[in-house]
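Contents: one structure, followed by commentary.
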Amino acid sequence: MSSNAPVIAAVDGSEHSLVALQWARGAALRHGAELLIAHVLPDHAQLYAGRRASLHDARQPGEFADPVGDWVRGVLGDGPALPERVRYESLEGSVPEALRVIGSGALMLVMGSRGRGGFASLLLGSSSRAVASTAPCPVVVVPHAERNAGATTATTASEPSAGRVVLGLHAAETPDDVLSFAFAEAAVRGTTVQVVSAYAVPPAPALVIDRPFEVIPPEGLADEGDGVPAEREMLRSQTERLAPLRTRYPDVPVEQAAVPGDAAGRLVDASRSAALVVVGRHHPRRTAMSLQIGSVAHAVLHHAHGPVAIVPTLKDDV
C-alpha cells in the first residue's frame, strides 16, 4: 500500500454518511493520510451532465450544482481539526462501481451502513453491502445511530473488548492482509489487538434427535482438567499465524481468545465496545464482481453495533 494512499469517505448527504465522514476524518488524522471525500452524483445530475455534453449548449451551466458538496464543506468547516490534505470529488456511475474504481489504491474506504434512500428497518443498505463485497481496498462500514445506541461508554468501558481492535481470525484461511490491517490500526490507535477464533464443538448424541443444534460447554470436553484440546490447538494455530505480526509490531499488545461455536456471534458482541472489528472478505469463487463475502463477514456486517472493516486480499486482481 502506498504511503500516499488516501482515506476515502463516501458521502451522500444523509446523517448516516455524516457519521462515516467524521470516522474517516479521524482515521486520516491517525494515519497522516489525505482525506478524499467522494460523492456519487444522483441520476438526475448525471443525466444533466450527459445531456449538456451531447448538445454542446454553452448557455447551460458548466456543472450541475452539487448540494452534497456544499453540505460537506460546511460540516468540515465548522468541525474539529482536519488532515493537512482534504479533497472532494463528485463521481458518476452506479454507487458500487464508482466507489470500486476510486477505491483502487486507497488506504481504506469509509461509508455508513445505510444511505439516504434506505428503509429505516434495514440493518445494511444495498450500496454498503455491494461496496464491501467488491471494493479493492478495505471497507469500513460505520453503523447508523439506532444500531449503535446501546454501545455507550458507560456500559462498555469495562467489557473485555473495550477500545480494542478485534480481529476475527480463521487460522487456516484469513489472508495476511487482514492481519496486517488490524495490527496497523491498533498501532496508530495505541491499543491492543484482540484475536478471536472459533473452534467447532460436536453436538451431544442425546441432543441430536428432535432438538436444535446445541454445543457442549468447554468443560464438557476437558481432558483430565487441562482444558479443551480443540481450544489449545486453536490457540497454537493462532500463535503461529500471529508470530510475524508480533515481530513487525512489537509495541502492539495482543490478546488471544479461542471460543466454542459461533465466531460471528462473538464478534458482534465484541463490536459493542471495540474501536473496530476487522474481518476478511472470503469469496468462495474469486471473481471480480462476486457479492459473496463469506458467512462470518456477512453476519458481522449486518449485525455489528460498531465500525466493521471488511478487508480483501489486497494483492488479488479485482
Side-chain angles (χ1 to χ4, degrees), residues 1-9 20-36 80-86 103 105-111 132 135-142 151 153 156-157 159-171 174-197 235 237-257 266-267 270-281 297 300 304 306-315:
M1 185 66 64
S2 168
S3 59
N4 296 321
V7 172
I8 300 176
L21 173 61
Q22 297 297 0
W23 199 97
R25 180 195 62 80
L29 285 170
R30 285 190 293 271
H31 286 275
E34 175 187 21
L35 176 61
L36 172 55
L82 293 174
E84 290 185 6
R85 294 164 293 159
V86 179
L107 184 64
M108 68 185 77
L109 190 157
V110 185
M111 63 192 309
C137 64
V139 175
V140 177
V141 178
V142 182
T153 302
T156 62
E159 293 187 8
S161 299
R164 289 158 170 74
V165 172
V166 177
L167 167 63
L169 175 66
H170 189 299
T174 302
D176 290 340
D177 291 321
V178 183
L179 281 70
S180 297
F181 183 88
F183 272 76
E185 277 299 302
V188 298
R189 291 173 177 273
T191 190
T192 299
V193 172
Q194 185 178 81
V195 184
V196 177
S197 302
L235 291 172
S237 298
Q238 277 188 353
T239 300
E240 291 180 358
R241 284 299 309 275
L242 295 171
L245 280 303
R246 280 190 161 114
T247 300
R248 196 188 315 169
Y249 295 93
D251 296 329
V252 174
V254 178
E255 297 174 351
Q256 294 178 232
R266 300 300 180 116
L267 293 172
S271 73
R272 293 182 180 275
S273 59
L276 180 67
V277 174
V278 180
V279 293
R281 189 175 77 198
V300 174
V308 177
I310 306 294
V311 183
T313 302
L314 300 178
K315 58 181 173 289

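The shown structure was predicted, so the numbers you read here are calculated from the model rather than taken from an experiment.
- Taking CG of L109 as the start and CG of L36 as the end, the distance is 8.5 Å to the nearest 0.5 Å.
- Proximity of a side-chain donor or acceptor of R164 to a complementary backbone N or O of A162 within less than 3.5 Å is detected.
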Practice prompt. Could you check L276 against F181 for side chain to side chain contact (heavy atoms under 4.5 Å, CB included), going step by step and ending with a plain yes or no?
Written response: CA-CA 11 Å; L276 180 67; F181 183 88; 4.1 Å; yes
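- Every salt bridge (Lys or Arg N to Asp or Glu O under 4.0 Å) that R241 has, sequence neighbours left out, goes to D176.
- The shortest side-chain heavy-atom distance between V279 and V178 does not fall under the 4.5 Å cut-off.
- Interatomic distance, CD1 of I310 versus SG of C137, reported as 12.0 Å (0.5 Å rounding).
- Here CD of E84 is found 11.5 Å from CD of E34. Values are rounded to the nearest 0.5 Å.
- For E240, the salt bridge (Lys or Arg N to Asp or Glu O under 4.0 Å) partners two or more places apart in sequence, or in a different chain, are R236.
- With hydrogens and angles disregarded, no donor-acceptor distance shorter than 3.5 Å links the side chain of T174 to the backbone of L169.
- Here the CG atom belonging to L35 is positioned 9.5 Å from the CD1 atom belonging to I8, to the nearest 0.5 angstrom.
- Here the shortest heavy-atom pairing between W23 and R189 reads CZ2-NH2, 3.2 Å.
- The backbone N or O of A81 lies less than 3.5 Å from a partner atom in the side chain of R25, making a donor-acceptor pair.
- Looking at residues two or more places apart in sequence or on another chain, you find a side chain to side chain contact (heavy atoms under 4.5 Å, CB included) between R248 and S180, L245.
- V142 and A20 get closest at one heavy-atom pair: CG2-CA, 4.2 Å.
- For the atom pair L242 CG and T247 OG1, the distance stands at 10.5 Å (nearest 0.5 Å).
- The two residues V252 and A186 make their nearest non-hydrogen contact at CG1-CB, 3.8 Å.
- A donor-acceptor pair is defined here as one N or O able to donate and one able to accept, closer than 3.5 Å; such a pair exists between the side chain of Q238 and the backbone of A257.
- Minimum heavy-atom separation, A106 to A5: C-CB, 4.0 Å.
- Between the OG1 atom in T191 and the CD atom in E185 there is a gap of 11.0 Å [rounded to 0.5 Å].
- Scanning all heavy atoms of the two residues, the minimum distance from P6 to G105 falls at CD-O, 4.1 Å.
- A donor-acceptor contact shorter than 3.5 Å links the side chain of R281 to the backbone of A132.
- For the residue pair V311 and D177, the shortest heavy atom distance occurs at CG1-O, 3.9 Å.
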